[in-house]
Amino acid sequence: MRKNPILRETSHLLIPAILLFALYVQFHGDYGPGGGFQAGVIFASGVILYALLHGIKKAEKVISLTLAKTLAAIGLLLYAGIGVLGIFLGGNFLDYNVLAHDPTHGQHWGIFFIELGVGITVATVMISIFYAFAKFKK
Amino acid sequence: MLAITAIAIIVMRNILSVIMLGGIYSLVSATLFVALDAVDVAFTEAAVGAGISTVLFLSAFAVTGQHYALERKNHNVAIIAVLTTGAALVYSISDMPVFGDPAAPIHNHVAPRYIEQSAEEIGIPNIVTSVLASYRGFDTLGEVTVVFTALVAVLLLLGVNRGSRKDKP
């Protein structure tokens, strides 16, 4: 693939746009369609496109398998942690009302952080699974 | 379109084209979801079904494909099972409420409360997000756990890093 200049240059144009769009979908999920799942998948597809065109080794310099695995666990822990934080602040598990002084504000914070956790986990899980398949051949 | 793609998937013998058709099937169903005004679902279907899962199928095919050929076997039992299930599903359509019927049970359970109260309780414009992340936050936690478990299973099965790093058993 490395010899194909058209694909490579197109990917250079596309990948930043894909990653940026993933972030937009992530943080605009409250107002439009989208959210953590979609954003994570889009982000992962950007990284996978890079890995397909430039090889796993170069992609692993951006996000290594170890980092991706760690982030997958961190994303899930962030989600569950927000739930536990609700208990510590006097509410139920995953009760966001107590996260801020104003219940609606608390909901905003809660949804923001759990969507972030979902996004991180989904993106890094997809990337790690792709790496696992791609590295298996060697 | 969906039916044509599905029949093509059945008829095709080449795994590679079946994988690509699977992606096309997802994309067509995504347009169907857009037509039904389920934009969030369409978004997910297009990104996950047409995008990531096609790539993952292809990479799995790259690992296993060389040693696997589709056999022409007699699949009578499978055909009977599929046809029976299909006939039962078609028969049960007659019991379903008319499409868009406001008196249908699905519109009178928790949906009205979500639609009426979400703006005050959650305060974000996208009701889908507020249901997904707040009202049904526990379900979503489970879904994320499933995704994470899938990663654990893949890594255990494929054994990446085994023996290549000293700090890992």
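In this text the structure is predicted, and so the values were computed from the model without any measurement. Lettering follows sequence order; numbering is per chain, from 1.
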From the list A:Leu78, A:Leu76, A:Val125, A:Ile114, side chain to side chain contact (heavy atoms under 4.5 Å, CB included) partner of B:Val144 resolves to A:Leu76
Verify the cluster assignment for A:Phe43 and A:Leu53: are they in a single hydrophobic cluster under the rule of side-chain heavy atoms below 4.5 Å apart? yes
With a 4.5 Å cut-off on side-chain heavy atoms, are B:Thr145 and A:Tyr79 touching? no
Heavy-atom nearest pair, A:Ala80 first then B:Leu141, reads N-CD1, 4.2 Å
Looking only at B:Ile52, B:Val39, B:Val41, most heavy-atom pairs under 4.5 Å shared with chain A are made by B:Ile52
Those residues of residues 19-30 of chain B that come under 4.5 Å of chain A on a heavy-atom basis, listed by number, are none
- [ ] Report whether A:Phe113 and A:Val84 are members of the same hydrophobic cluster (ILVMFWY, side-chain heavy atoms less than 4.5 Å apart, transitive linking).
- [x] yes
Let's go through B:Phe43 and A:Val41 carefully: what are the C-alpha distance in whole Å and the side-chain angles of both, what is the deciding distance for side chain to side chain contact (heavy atoms under 4.5 Å, CB included) to 0.1 Å, and is it a yes or a no? CA-CA 11 Å; B:Phe43 206 159; A:Val41 170; over 6 Å; no
Okay, A:Ile48 and chain B: the region with an atom under 4.5 Å from a heavy atom over there is side chain
In terms of heavy-atom pairs under 4.5 Å with chain A, the winner among B:Gly137, B:Ala42, B:Ala150, B:Gly51 is B:Gly137
Ranking A:His108, A:His105, A:Gln38, A:Glu115 by heavy-atom pairs under 4.5 Å to chain B gives rank one to A:Gln38
Here the pair of heavy atoms bringing B:Leu151 nearest to A:Ala72 is CD2-CB, 3.8 Å
message = Would a single hydrophobic cluster contain both A:Leu19 and A:Leu23, if residues Ile, Leu, Val, Met, Phe, Trp and Tyr are joined by side-chain heavy-atom contacts under 4.5 Å?
response = yes
**Item:** ILVMFWY cluster, A:Ile120 and A:Trp109 together (side-chain gap under 4.5 Å)
**Value:** yes
Are B:Asp40 and A:Phe37 side-chain neighbours, meaning at least one heavy-atom pair lies under 4.5 Å?
-> no
#### Entry: Crowding at CZ, B:Phe57 (>12 non-hydrogen neighbours, <6.0 Å)
no
Is it the case that atom CG in B:Leu83 sees more than 12 heavy atoms from other parts of the structure closer than 6.0 Å?
yes
Greatest number of non-hydrogen atom pairs under 4.5 angstrom with chain A, of B:Val48, B:Val152, B:Thr140, falls to B:Thr140
(message) If hydrophobic clusters are built from ILVMFWY residues whose side chains come within less than 4.5 Å, do A:Val122 and A:Leu20 share one?
(response) no
Shortest non-hydrogen pair, A:Ile129 vs B:Leu56, comes out as CG2-CD2, 3.9 Å
Counting only heavy atoms not in B:Phe138 (residues, nucleotides, ligands), do more than 12 fall under 6.0 Å from its CZ? no
CG (B:Leu157) and CZ (A:Phe133) are apart, to the nearest 0.5 Å, by 8.5 Å
